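Shown next, in structure tokens, is the structure this report addresses.
All heavy atoms count here, side chains included; hydrogens, waters and symmetry mates do not. Since the structure is predicted, the reported quantities are computational estimates derived from the model, not experimental observations. Reminder, nothing fancy here: chain letters follow the sequence lines and each chain counts from 1.
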Amino acid sequence: MMSDNPAMLRVRNLHKHYGAHPVLRGIDLDVAHGEAVVVIGPSGSGKSTLLSCINFLEPFDTGEVRVNGEPIGWSAGAEGTRVRQSERELDRLRAGIGIVFQQFNLFPHMTVLANLMEAPMQVLRQSESAARKHALALLEKVGLLGKAGAYPGELSGGQQQRVAIARCLAMRPALMLFDEVTSALDPELVGEVLAVMRQLRQDGLTMLIVTHEMGFARDVADRVVFMDGGLIVEQGPPALLFSQPSAARTREFLGLSTPSTH
Amino acid sequence: MDFDAAIFREVFPALLAGALVTAQLAFGAALLGLVFGLLGGLARVSSNRLLRGTALAYVLFVRGLPLLVILLFLYYGLPSVGILLSAPAVAILALSITNGAYVTEIVRSGIESIDRGQMRAARSLGMSYALAMRRIILPQAFRRVLPPLTNEAITLVKNTALVSVIAISDLLRAGVDAMTWKANTFSPFAGVGLLYLALTIPLLVINRVLEQRYRIR
């Protein structure tokens, strides 16, 4: 079930509250180098919050997140205390973690090419020619080389999401997070985005994917994690989890009949 | 009506000189007001409570006071605390403080109108808050607030008329002087009106050009 590779992502006892409402109630999760893990679960189960906590866009309350061995968010201080990392340190760590959002969030005032070149040039201080070369290669990879000069508003939702994926890849992230990236798309546009993600899977990218696309999860995932109520209920290889889940809650979510007790 | 073309032609050069002073005051105050407004707007959306509170106090204070009061207060008040500024400097200061308060609210509303996902996306790519503001949020906000900023610029040009009370030979003052000198109202004031319009209408044209140029496709 778990790969022997060292963990690219390591989450331990993660808790997060919004006011009095607990959203994450103690998450433990590992993602190995090159592994693709898919998180499923009902709305409000904390899946998206988990992703936002991993790159500390949402500060978590307690627990630990390590990406490639480095803690993110909080560092150990003197005598068992913990210190919130500086914004500069967080920026550096976030640059190595890609996240693709449900709503694309492309920069509408920039061309597609400029969207891809912005962070590599401004954050990584790449030269314009190096950033351009890499951006064009990535646009070719997602099948949108012809749209380099277009503005996001001129693209379909599926095309925008492929650009958003390429924009993340431009930073050469060690880990990519996908937050329901096909949920805002018309059904006929879902396939082109999933095809790009399958390609990334074949390239060996480490991915943590929140999705409602069960067929895709079954095909692509090395491991499927089922979350409910801010907890991981169970996890396992897709073949096992989708056909013979051990928890009643998982069976209910997947619409499987509960074995009779008689 | 006492319009007289000969008087109009005779006083027009003096009015033109006054219009130049008005234009200079407005231009200086607009630039400085934009600086105040940008800083104020950024402070208004800051996570720092002190900055937010200071900016809010600035806006409430200035918007609640007549410009004429601020102008006279600075003109007569600053020398009493040992700060000696020329009349045009006081005028630009008063106009820009006032203009800056309104621009602060325009900048704040512009920033807040940009989808939160834009800041999240920028930060997730490793951009700092300042970099994300400068490269992602403000350029989009600027396009949205061009129309209200243009309105403020026009208001600013018209507000400069108040500075005639502190011995500055602006357009209005030149008109009043010409009226007294020639004992004629309509001839100089026709020129005053035309020259104010010559200052304000181009701003609307500039707004139109900028809106076209920075349109988001």
Close side-chain approach of [X] and [Y], heavy atoms under 4.5 Å:
| X | Y | value |
| --- | --- | --- |
| B:Phe8 | B:Phe186 | no |
| A:Met171 | A:Pro120 | yes |
| A:Phe178 | A:Leu51 | no |
| A:Phe216 | A:Ile209 | yes |

Identify which part of [X] has an atom lying under 4.5 Å from any heavy atom of chain B, answering side chain, backbone, both or neither.
| X | value |
| --- | --- |
| A:Arg167 | both |
| A:Glu58 | side chain |
| A:Phe107 | both |
| A:Leu106 | backbone |
| A:Gln103 | neither |

**Prompt:** Got more than 12 heavy atoms from elsewhere within 6.0 Å of CZ, B:Phe27?
**Reply:** no

**Complete:** Under 4.5 Å to a heavy atom of chain A? For B:Leu125 that would be both

**Item:** Interchain contact, B:Arg134 with chain A, by part (heavy-atom threshold 4.5 Å)
**Value:** side chain

Which atom pairs, one a donor and one an acceptor, fall under 3.5 Å between side chains of residues 37-45 of chain B and the rest of the protein, sequence neighbours left out?
unit_1	atom_1	unit_2	atom_2	d
B:Arg44	NE	B:Glu105	OE2	2.9
B:Arg44	NH2	B:Glu105	OE1	3.3
B:Arg44	NH2	B:Glu105	OE2	3.3

